[in-house]
Amino acid sequence: QVDDETSMRALHAAVDAGVNFVDTADVYGDGRSERLVARLRRERKGERIFVATKAGRRLPRQTPDGYTRENLAGWLDRSLKNLEMDAVDLLQLHCPHPAVYDRPEVFGILDDLQRAGKLRHYGVSVETVDEAVRAIRHPNVQSVQIIFNMFRRKPAESFFALARERGVGILA
């Protein structure tokens with residue numbers, strides 16, 4: 001448990017240190033994290049803070065059939081309300097069921113939401129390199145968030161070059 005004032009001090013310290021990108025998700029604190037980011041943006045009015053959020057973990061059980069137009073639009077609308085934004089800078093699918101990567105219609109829905117002006121960019125948060133590779137087969141996936149650290153180096157060995165070649169950003 002962290003109280004909101006402690007969270008706000010940490011967020012302000014990050015911005016004071018030069019951070020201008022905040023990554024959150026709709027399920028972090030059931031939207032509480034997004035609401036704190038909205039407060040940060042209000043309190044730092046005039047400073048450009050880029051916001052990424054994630055969607056998909058609100059499903060009671062991860063199934064590819066849960067990634068419908070209705071669900072995706074509803075999750076995004078809830079996040080936009082929490083974030084007090086008209087459009088999110090980056091929306092990422094939040095470690096979806098692996099079969100989602102084989103459903104171009106899901107990425108078509110994201111394209112439609114982007115055309116509607118509700119998100120500027122979209123990407124995926126993945127568990128594995130295989131999922132990352134499958135995700136960037138979809139031409140408008142602009143980012144991949146992947147676990148990369150001294151113990152999990154596989155992305156550097158088998159994904160980063162492909163992402164660079166395709167112009168896909170990496171959040172490690």
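Taking 4.5 Å as the limit, some side-chain heavy atom of D65 sits within range of a side-chain heavy atom of R103. A 4.5 Å side-chain heavy-atom check between D23 and Q92 finds at least one atom pair inside the cut-off. Side-chain atoms of L110 and Y67, non-hydrogen and from C-beta on, never get closer than 4.5 Å to each other. Looking at I136 and F159, their side chains come closer than 4.5 Å, going by heavy atoms from C-beta outward. The shortest side-chain heavy-atom distance between V124 and Q145 does not fall under the 4.5 Å cut-off. Residues S143 and L90 meet the side-chain proximity criterion, which asks for heavy atoms closer than 4.5 Å. For the pair R134 and P98, the minimum side-chain heavy-atom distance is below 4.5 Å.
With rounding to the nearest 0.5 Å, the separation of OG1 in T128 from OH in Y101 is 7.5 Å. In this structure, R58 CZ and N71 CG are separated by 10.5 Å, a value rounded to the nearest 0.5 Å. In this structure, CD1 in I146 is found 10.0 Å from SG in C95, a value given to the nearest 0.5 Å. For the atom pair CG (L91) and CD (Q142), the distance works out to 11.0 Å, reported to the nearest 0.5 Å. From M85, atom CE reaches atom CD1 of I49 across 9.5 Å, with rounding to the nearest 0.5 Å. Here L40 contributes atom CG and R35 contributes atom CZ; the two are 15.0 Å apart, rounded to the nearest 0.5 Å.
Ion pairing of D89 with R48 is present here, as a side-chain N (NZ or NE/NH1/NH2) and a carboxylate O approach within less than 4.0 Å. At a threshold of 4.0 Å, the pair R42-E84 counts as salt-bridged, since one of the basic side-chain nitrogens sits closer than that to a carboxylate oxygen. Note on D4 versus R39: no salt bridge recorded, every NZ/NE/NH1/NH2 to OD/OE distance being 4.0 Å or above. With salt bridges taken as basic N to acidic carboxylate O contacts below 4.0 Å, none links E131 and R137. Salt-bridge annotation for D26 and R78: absent, with no side-chain N of the basic residue lying under 4.0 Å from a carboxylate O of the acidic one.
Scanning both residues, G66 and W75, for their nearest heavy atoms gives O-CH2, 3.6 Å. Heavy atoms only, all atoms of each residue included: V129 and S158 are closest at CG1-OG, 3.5 Å. Nearest heavy atoms, P104 versus H138: CA-CE1, 3.8 Å. Residues S125 and P96 come closest through the heavy atom pair O-CD, 3.8 Å. In this structure, A87 and G117 approach most closely via the heavy-atom pair CB-O, 3.0 Å.
A 6.0 Å sphere centred on CD of E157 holds more than 12 heavy atoms belonging to other residues, nucleotides or ligands. No more than 12 heavy-atom neighbours from other residues, nucleotides or ligands sit within 6.0 angstrom of CZ on R164.
Between Y28 and the choices R57, E34, K54, the side chain to side chain donor-acceptor pair (under 3.5 Å) rule is met once, by K54.
Taken together through direct or relayed side-chain contacts under 4.5 Å among Ile, Leu, Val, Met, Phe, Trp and Tyr, V168 and I147 form parts of separate hydrophobic clusters. V133 and V106 fall within a single hydrophobic cluster, where Ile, Leu, Val, Met, Phe, Trp and Tyr side chains are chained together by heavy-atom contacts under 4.5 Å. Residues L36 and V27 are members of separate hydrophobic clusters, defined by side-chain heavy-atom contacts under 4.5 angstrom among Ile, Leu, Val, Met, Phe, Trp and Tyr. Clustering ILVMFWY residues whenever any of their side-chain heavy atoms sit less than 4.5 angstrom apart, transitively, puts I109 in the very cluster that holds V88. Using a 4.5 Å cut-off between side-chain heavy atoms of Ile, Leu, Val, Met, Phe, Trp and Tyr, with links allowed through other members, I170 and L162 fall into the same hydrophobic cluster.
For the residue pair N82 and S79, no side-chain donor N or O sits within less than 3.5 Å of a side-chain acceptor on the partner. Defined by atom type and a distance below 3.5 Å, a donor-acceptor pair is missing between the side-chain atoms of Q114 and N140.
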Would D86 and R120 count as a salt bridge (Lys or Arg N to Asp or Glu O under 4.0 Å) here? Give the steps.
CA-CA 10 Å; D86 295 325; R120 291 183 180 85; over 6 Å; no
Go through the steps for T53 and L83 under the test side-chain contact (heavy atoms from CB on, under 4.5 Å), then give the verdict.
CA-CA 9 Å; T53 195; L83 291 163; 4.2 Å; yes
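Residues meeting the side chain to side chain contact (heavy atoms under 4.5 Å, CB included) test with D77, sequence neighbours left out: L80, K118. By the salt bridge (Lys or Arg N to Asp or Glu O under 4.0 Å) test, E47 is found to be paired with R44, residues two or more places apart in sequence or in another chain being considered.
Using a distance-only test at 3.5 Å, with no hydrogens or angles considered, no donor-acceptor pair links the side chain of E43 to the main chain of A38. With T6 contributing its side chain and V2 its backbone, the two residues share no donor-acceptor pair below 3.5 Å.
By the 30° and 60° cut-offs, the orientation of the rings of Y122 relative to F107 is tilted.
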